[in-house]
Amino acid sequence: MGLGSFDFPRILNPWEETMPNAAEIAIREVMDIRQAAGYLGISSDTLYRYASEGFVPAFKLGNRWRFKKTLLDTWMDHQSGAAMPAIVVAKPESKKPARSAK
């Protein structure tokens, strides 16, 4: 008894590498030199030089440079002189009184 033209469903392999979609690429925390250069709007060669000189926050994983998005964002804020948002702590006397329950 043959199987004929029966199509078996494709079983997904969880270890099979899949292409990330645009949202996954946009929010990737650790970037390679090409991704980080695109994020910063500079060439890969310039970013490689900056990383080698310690000008940008980077680390090596094996022999390849890696960049954390949050560290690059903080570095850019610092480089641009952007003030960090102030944290306002309400003092007890400046809080509104709680509304009484009826």
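Only a predicted model underlies this, so the values are computations on that prediction, with no experimental measurement involved.
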If you compare all heavy atoms of Phe67 against all heavy atoms of Pro57, which two are closest, and at what distance to 0.1 Å? CD2-O, 3.6 Å
Is there a path of hydrophobic side-chain contacts, each under 4.5 Å between heavy atoms of I/L/V/M/F/W/Y residues, joining Phe59 to Leu47? no
side-chain hydrogen bond (donor to acceptor under 3.5 Å, both in side chains) contacts touching residues 58-68 (sequence neighbours left out): none
If hydrophobic clusters are built by linking Ile, Leu, Val, Met, Phe, Trp and Tyr wherever their side-chain heavy atoms come under 4.5 Å apart, do Phe55 and Met76 end up in the same one? yes
Qualifying residues under side-chain hydrogen bond (donor to acceptor under 3.5 Å, both in side chains), relative to Asp73, sequence neighbours excluded: Tyr39, Lys69
Is there a continuous path of hydrophobic side-chain contacts, each under 4.5 Å between heavy atoms, that joins Ile42 to Leu72? yes
CG of Asp32 to CG of Leu61, rounded to nearest 0.5 Å, is 11.0 Å
Is Ile33 reachable from Met31 through a run of I, L, V, M, F, W or Y residues, each pair having side-chain heavy atoms under 4.5 Å apart? yes
Once side-chain hydrogen bond (donor to acceptor under 3.5 Å, both in side chains) is applied, what residue pairs with a partner in residues 45-55 remain, sequence neighbours excluded? Ser43-Thr46
